[in-house]
Amino acid sequence: MTASHTRPERLWNRSFRRSDRRCAVPDGPVAKLPALVGGPFRVARAHPATGRAHAVEEALPVRLPVVGTAELVVRPAGPGDKAEARAMHQRCSPASLRLRYHGPVRDSDRHLDHLLDGRHGRSLAVEDADGRIVALGHLMWDDGEAELALLVEDAWQRHGLGLTLLRRLVAMAREAGIATVYAVTHASNAGLIAAMRRLSVPLDFRAEDGTLVITATLAGAEPAPHHPVR
């Protein structure tokens, strides 16, 4: 089933609640879906090129020298990381979680079960010297596109981890043959907006009621080099 292209309707804990969603059904007519509340939910086919997204992952894990502190490691994440990912969520402030999930997070397990499932996309984690996950990045298949999502623990924000994850997730999207990726966030999320701008690819910004959808066009754009975390 192909997702509607009205992206805000696909938000986790989204503020948009429209009961009249029309979605194309493979080899069939257009279907009307009932209103969906809560989350997470996604109405989309698995991307047909998911098997081609492994080249970037095969180069991981990679150590990230961070100025003034110990090294971090960026690596693939999966269902086995759920406990550490949950612990990171518990260390995050309500404000950080609200920016990530577009609303309050009452049960992180519901989100993590979906996000860390390789059938829906790819996930990367940044791990500290003690094995704690301090940042998560996700590339979620959405038919011919993919959604980017990031969460960085408060104590590790403004160290460049979000940009590092974004660049690697975009590289994975390229490997999978995806030409368009997008991120959905609050219009006040200056950190994510700045990181998206540093991808050096064409961006489109669309805002509605405080929600911002940033679409990046990868086709024809030169891949951005990986830099040490600052």
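Only this structure's heavy atoms are used, side chains among them; waters, hydrogens and symmetry mates stay out. From a predicted model like this one, the values you see are computed outputs, not experimental measurements.
Across all non-hydrogen atoms, the minimal contact from D81 to L116 is C-CD1, 4.2 Å. Closest approach of L161 to A135, counting heavy atoms only: CD1-CB, 4.2 Å.
Side-chain contact between I133 and R75: present, with at least one pair of heavy atoms (C-beta onward) separated by less than 4.5 Å. Between V170 and L218 there is a side-chain heavy-atom pair separated by less than 4.5 Å. By the 4.5 Å heavy-atom criterion applied to side chains, L150 and L136 are not counted as neighbours.
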Please list every donor-acceptor pair under 3.5 Å in which a side-chain atom of residues 186-196 meets a protein atom from a residue at least two apart or in another chain.
from: N189; atom 1: OD1; to: L192; atom 2: N; distance (Å): 3.3
from: N189; atom 1: ND2; to: T185; atom 2: OG1; distance (Å): 2.9

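Between atom CG of residue D117 and atom NZ of residue K82 there is a gap of 11.0 Å, rounded to the nearest 0.5 Å.
The side chain to side chain donor-acceptor pair (under 3.5 Å) test applied to E153 returns R91, not counting sequence neighbours. Among residues two or more places apart in sequence or in another chain, the ring-ring contact (aromatic ring centres under 6.0 Å, His included) test is passed with H89 by Y101. Taking the side chain to side chain donor-acceptor pair (under 3.5 Å) definition, one finds that R197 meets it with nothing, sequence neighbours left out. Remark: D154 pairs with S93, S96 by the side chain to side chain donor-acceptor pair (under 3.5 Å) rule, at least two apart or across chains. Partners of D128 under the side-chain contact (heavy atoms from CB on, under 4.5 Å) rule, at least two apart in sequence or in another chain, are L72, D130, R132, V134.
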